[in-house]
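Notes to accompany the following structure.
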Amino acid sequence: MDLFRLDGKCALVTGATKGIGRAIAHRMAEAGANVVVSARTPEDCEAVAQEITDAGFSAFAAPCNAGHLDTLEGLVKTATDAFGPVDILVGNAAANPYYGPLTGIEERAFDKIIDVNVKANLWLAKLVLPSMAERGGGALVFISSIAGVTGTDDIGAYGLSKAALSSMVRSLAVRWGKSNVRVNAIAPGLVKTDFAKALWEDPERSAAAIAAYPIGRLGEPDDIAGAAIWLASPAGAFVTGQTIVVDGGITIAGSRA
């Protein structure tokens with residue numbers, strides 16, 4: 001199991017106070033990482049960092065609004081001051097202010113989706129990649145979505161941003177692979193988080209989704225956390241440029257979906 005250990009690594013996790021991000025922060029800390037907990041609300045960051053330290057592991061709160069690109073350099077500096085240079089970046093922060101047909105979205109909502117889901121992750125990558133390369137390696141893990149690999153009628157702009165994220169992963173992996181920096185994404189299906197609450201709390205939609213998923217249930221945050229640890233740890237040392245689908249089988253279900 002040493003293959004899955006992250007001992008002594010500095011792991012910066014954005015969107016780390018709820019759902020998938022919170023699970024990743026907890027599980028990476030349990031795997032030995034020093035976790036920098038980042039999200040918009042200081043109180044939430046402090047609470048999750050306290051949960052981790054109370055459990056006997058290492059964490060530091062670093063509030064930051066990922067949609068504000070001018071704050072990201074300060075976030076990376078805070079992480080570095082706390083635990084040393086970033087070894088693992090988990091880009092989980094995301095926004096989706098619009099539900100409806102792609103052609104109905106307004107510019108302001110579209111810009112927010114792109115700023116948070118794409119630009120912020122690229123800017124963070126730009127900030128941590130050179131140092132990782134100088135030190136002989138590192139891992140970037142971005143949280144994408146199956147909306148980026150399938151068509152959708154109501155979250156098309158969100159899906160577009162996640163498809164762009166997967167494209168970004170491939171290009172960064174090509175450029176930085178020779179420096180032993182691995183860049184991957186995870187594309188979850190429907191996971192029971194606050195972000196997707198409108199879908200899974202509706203009894204009819206939830207029942208329909210469960211019936212469509214071959215594995216017979218919706219995802220849990222830990223389902224994604226396990227994949228993130230694999231990609232960030234020595235166990236994933238030969239994996240780069242990939243978008244790993246973790247979706248209970250829904251994307252291969254054909255007409256059942």
Side-chain angles (χ1 to χ4, degrees), residues 4 6 11-16 19-25 27-28 33 38 66-67 72 86-96 113-129 132 137-152 155-177 179-191 193 195-196 219-252:
F4 295 90
L6 302 173
L12 170 57
V13 184
T14 68
I20 290 169
R22 179 174 174 271
I24 290 173
R27 298 310 182 192
M28 285 193 169
S38 185
L72 298 180
V86 175
D87 300 297
I88 299 164
L89 170 65
V90 179
N92 175 65
N96 185 35
I113 290 171
I114 297 300
D115 284 348
V116 177
N117 300 359
V118 183
K119 279 187 180 180
N121 286 314
L122 176 57
W123 258 243
L124 280 170
K126 289 168 61 176
L127 289 165
V128 302
L129 280 165
M132 288 181 176
L140 282 66
V141 181
F142 298 103
I143 306 304
S144 182
S145 168
I146 59 169
V149 297
T150 63
T152 173
I155 54 171
Y158 178 76
L160 184 156
S161 73
K162 295 301 186 176
L165 191 61
S166 292
S167 178
M168 184 188 85
V169 160
R170 291 189 290 270
S171 294
L172 291 177
V174 169
R175 172 64 181 82
W176 295 91
S179 299
N180 194 36
V181 178
R182 297 177 296 104
V183 188
N184 293 288
I186 301 170
L190 182 55
V191 177
T193 66
F195 192 80
E220 297 288 346
D222 269 347
D223 294 323
I224 313 306
I229 289 174
W230 166 51
L231 291 172
S233 70
F238 201 52
V239 182
T240 195
Q242 304 303 307
T243 295
I244 307 298
V245 175
V246 183
D247 72 342
I250 190 63
T251 56
I252 52 85

| Short question: side chain of T240, backbone of V183 - any donor-acceptor pair under 3.5 Å? |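 Yes.
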| Within the distance-only criterion (no hydrogens, no angle test), does the side chain of N117 pair as donor or acceptor with the backbone N or O of A95 below 3.5 angstrom? |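 Pair found, side chain donor or acceptor close to backbone of A95.
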| task | Please say which of L72, L124, V116, V90 ends up in a side chain to side chain contact (heavy atoms under 4.5 Å, CB included) with T14. | result |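 It is L124, the one option of L72, L124, V116, V90 that forms the side chain to side chain contact (heavy atoms under 4.5 Å, CB included) with T14.
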| Of the options N96, V118, N121, which is the one that meets S161 in a side chain to side chain contact (heavy atoms under 4.5 Å, CB included)? | V118
| message | Determine whether L140 and L129 satisfy the following criterion, side chain to side chain contact (heavy atoms under 4.5 Å, CB included), listing intermediate values before the conclusion. | response | CA-CA 9 Å; L140 282 66; L129 280 165; 3.9 Å; yes
| Side chain to side chain, F142 and M168, heavy atoms closer than 4.5 Å | yes
| Are L160 and I114 close enough that some pair of their side-chain heavy atoms sits under 4.5 Å apart? |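 Yes; the side chains approach each other to less than 4.5 Å.
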Restricting to non-hydrogen atoms, name the atom on [X] and the atom on [Y] that form the minimum distance, rounded to 0.1 Å.
{"X": "D222", "Y": "A23", "result": "OD1-CB, 3.7 Å"}
{"X": "R182", "Y": "S233", "result": "NH2-O, 3.3 Å"}
{"X": "A232", "Y": "M28", "result": "CB-CE, 3.8 Å"}
{"X": "A94", "Y": "K162", "result": "CB-NZ, 3.9 Å"}
{"X": "A125", "Y": "L89", "result": "N-CD2, 4.1 Å"}
{"X": "A228", "Y": "V141", "result": "O-CG2, 4.3 Å"}

Nearest-0.5 Å distance that lies between atom [atom1] in [X] and atom [atom2] in [Y]:
{"X": "R170", "Y": "L165", "atom1": "CZ", "atom2": "CG", "answer": "10.0 Å"}
{"X": "I186", "Y": "T243", "atom1": "CD1", "atom2": "OG1", "answer": "10.0 Å"}
{"X": "L231", "Y": "N184", "atom1": "CG", "atom2": "CG", "answer": "5.0 Å"}
{"X": "L122", "Y": "L172", "atom1": "CG", "atom2": "CG", "answer": "6.5 Å"}
{"X": "D87", "Y": "L6", "atom1": "CG", "atom2": "CG", "answer": "9.5 Å"}
{"X": "Y158", "Y": "S144", "atom1": "OH", "atom2": "OG", "answer": "7.5 Å"}

| task | Please assess I143 against I24 for the test side chain to side chain contact (heavy atoms under 4.5 Å, CB included), listing each intermediate value before the final yes or no. | result | CA-CA 11 Å; I143 306 304; I24 290 173; 4.1 Å; yes
| side chain to side chain contact (heavy atoms under 4.5 Å, CB included) between W230 and V239, intermediate numbers included | CA-CA 10 Å; W230 166 51; V239 182; 3.8 Å; yes
